[in-house]
Amino acid sequence: MAERRRGGYFGFPLIYKIAIGLGVGIVVGIIAGPAIAPVKPLGDFFVTLLKMCIMPIVLFSLVVGAASISPARGVRIGVKTIVFYLVTTFIAVLIGLAIANLFKPGLGLALAGEEVVREVAAPAIKDVLLGLIPKNPFAALAEGKVLPTIVFAILVGTALSYLKEMKVPRISEAADTVLRVSDGLAEVMYKLVSWILEIAPYGVFALIAVVVGTQGAKVLGPLGVVTGVVYLGLIIHYFVVYGGALRIWGFNPARFWPRARDASLTAFVTRSSSGTLPVTMTVAREKLGIDRGIYSFTLPLGATINMDGTCLYQAVCAMFIANAVGMPLAIGAQMLVMITAVLASIGTAGVPGAGAIMLLLVLESVGLPVEAGTSVALAYGMILGIDAILDMGRTSLNVTGDLAVTSIIAKTENMINLDFWRGGAKAKA
Ligand code: ASP
């Protein structure tokens, strides 16, 4: 977002105001405890405003983005992006398993309950693929279904790029008008996001205060270890994997993190990759200088399928739960966790708490179904008790990962303005 040169409140950089909101929120949350709950609507207000922008910004940006690149190039970008997303997610699950083996969270907790073993239900691949095609694109838009909307917007954008070149003036002019209108509407959405970000400090304050106030105390005790292990894994992935990948592709990671910060922080407090999407797209455009042809596709896709933080969290929590019920996972079972956690994270919706639901799938795959009265249910309940705290970190990693991969893909396609990465300047596209 453009920071204006004004004095007083509006002259003070937004990012500092957000940082203050975060700090004050943590302190107030600790002091007030559960009594902080009445400020929740303030956080909801901020998140709802962001949500308002998600579908329009995805649709209009992607129509224009898809029209700006050739279909062949589009396919290449698509394949590269998915491969990158998958590889980083695999690395995340490996990190999760490695540190969980090292610290063994939950071991010795010996939770008791009845044992239940149940069959594992596999999701049908054909349904997943068919679900990508919107039967009714307007319904997909109205219901906020990002993947079918991506497919529709790419098709519309590609058709427009062909129509624009047609010899019949009526058609080429009409196509050009549709593109200009889409472009204008995308600009409108970016403007709205910049206004919404002006109230971010208050939203951030409320969101963090409520989480700290209601869940903070539970992190003490045995859950402290699991929280520490999850966050350690997230930090390793954040700095080593993304930092390393950015370096390999010739970026200075120290330039990336501060520029990605608005999105990382918004994800941290909103606990929603989808909710953060309007901010993530704004950051890609205004802070990282990435071409719309890239980010309008990679970011909505990433917010839906690329969940490195979630995958890492699921691996650690599966290990914690297995340890806590006295059935530590052998190497074969850990392999299973690896595969199911990657798949489960891909299937996790970018909304708060979704990763904890998909964790059920991972647990089932290793014969630890969550059934009422079992020790597994007890251990799972413990994790749910601190889920918001874990969700903040994993969502922040999910979103930051989308931006890191998007920067790299943009560089390999020569679709990034590297002036944005020089010095401390914050240029605008
Ligand atoms: N909250 C996460 C996200 O939006 C998903 C999860 O619960 O792991 O990325």
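Positions are given from 1 along the sequence. One-based numbering, in listed order, for ligands and for the atoms of each.
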Note to self: Out of all atoms in ligand 1, which are within 4.0 Å of some heavy atom of Gly353? Include the element for each.
What the structure shows: 7 (O)
Margin query: Below 3.5 Å, N or O to N or O, backbone or side chain included: is there any such pair between Met307 and ligand 1?
Written below: no
Notebook entry, point to check: Of all the atoms in ligand 1, which lie at a distance below 4.0 Å from a heavy atom belonging to Ala354?
Noted result: 7 (O)
Note to self: Quick check on Ala349 - does any of its heavy atoms sit under 4.0 Å from an atom of ligand 1?
What the structure shows: yes
Notebook entry, point to check: Which ligand 1 atoms does Thr310 reach within 4.0 Å, using its non-hydrogen atoms?
Noted result: 5 (C), 6 (C), 8 (O)
Next item on the list: Could I get the full list of side-chain contact (heavy atoms from CB on, under 4.5 Å) partners for Ala186, not counting sequence neighbours?
Entry: Phe60, Ser61, Tyr190, Arg292
Check: Are Asp387 and Arg394 within salt-bridge range, i.e. N to O under 4.0 Å?
Finding: yes
Note to self: For Val366 versus Leu336, what's the shortest heavy-atom pair and its separation?
What the structure shows: CG1-CB, 4.0 Å
Notebook entry, point to check: What's the shortest distance from atom 1 (N) of ligand 1 to any protein heavy atom, and which residue and atom give it?
Noted result: Asp391 OD1, 2.8 Å
Notebook entry, point to check: Which of parallel (below 30°), tilted (30 to 60°) and perpendicular (above 60°) describes Trp257 and Tyr238?
Noted result: parallel
Check: Where is the nearest protein heavy atom to atom 2 (C) of ligand 1: which residue, which atom, and how far?
Finding: Thr395 OG1, 3.2 Å
Notebook entry, point to check: Which word best sums up how the rings of His237 and Tyr242 line up, parallel for under 30°, tilted for 30 to 60°, or perpendicular for over 60°?
Noted result: perpendicular
Next item on the list: Tell me which part of Met358 gets within contact of ligand 1: side chain, backbone, both or neither, using heavy atoms under 4.0 Å.
Entry: neither
Item checked: Contact atoms of ligand 1, heavy-atom distance to Arg271 under 4.0 Å -> 1 (N), 4 (O)
Check: Please walk me through it: do Thr395 and Asp391 pass side chain to side chain donor-acceptor pair (under 3.5 Å)?
Finding: CA-CA 6 Å; Thr395 309; Asp391 201 3; 2.9 Å; yes
Note to self: Give me the nearest non-hydrogen protein atom to atom 3 (C) of ligand 1 as residue plus atom name, then the distance to 0.1 Å.
What the structure shows: Ser273 OG, 3.2 Å
Notebook entry, point to check: Can you list the ligand 1 atoms lying under 4.0 Å from a non-hydrogen atom of Ser272?
Noted result: 4 (O)
Checklist line | Top protein contact for atom 7 (O) of ligand 1, by heavy-atom distance | finding: Gly355 N, 2.7 Å
Notebook entry, point to check: Given Thr270 and Thr276, is the side chain to side chain donor-acceptor pair (under 3.5 Å) satisfied, shown in steps?
Noted result: CA-CA 7 Å; Thr270 61; Thr276 307; 3.2 Å; yes
Next item on the list: Would you sort out whether Thr406 and Thr298 count as a side chain to side chain donor-acceptor pair (under 3.5 Å), showing the intermediate values?
Entry: CA-CA 6 Å; Thr406 297; Thr298 58; 2.8 Å; yes
Next item on the list: Using a 4.0 Å heavy-atom cut-off, say whether Val351 meets ligand 1 through its side chain, its backbone, both or neither.
Entry: backbone
Margin query: My understanding is that only residues two or more places apart in sequence, or in another chain, count here; which of them pass salt bridge (charged side-chain N to carboxylate O under 4.0 Å, His left out) with Lys80?
Written below: Glu413
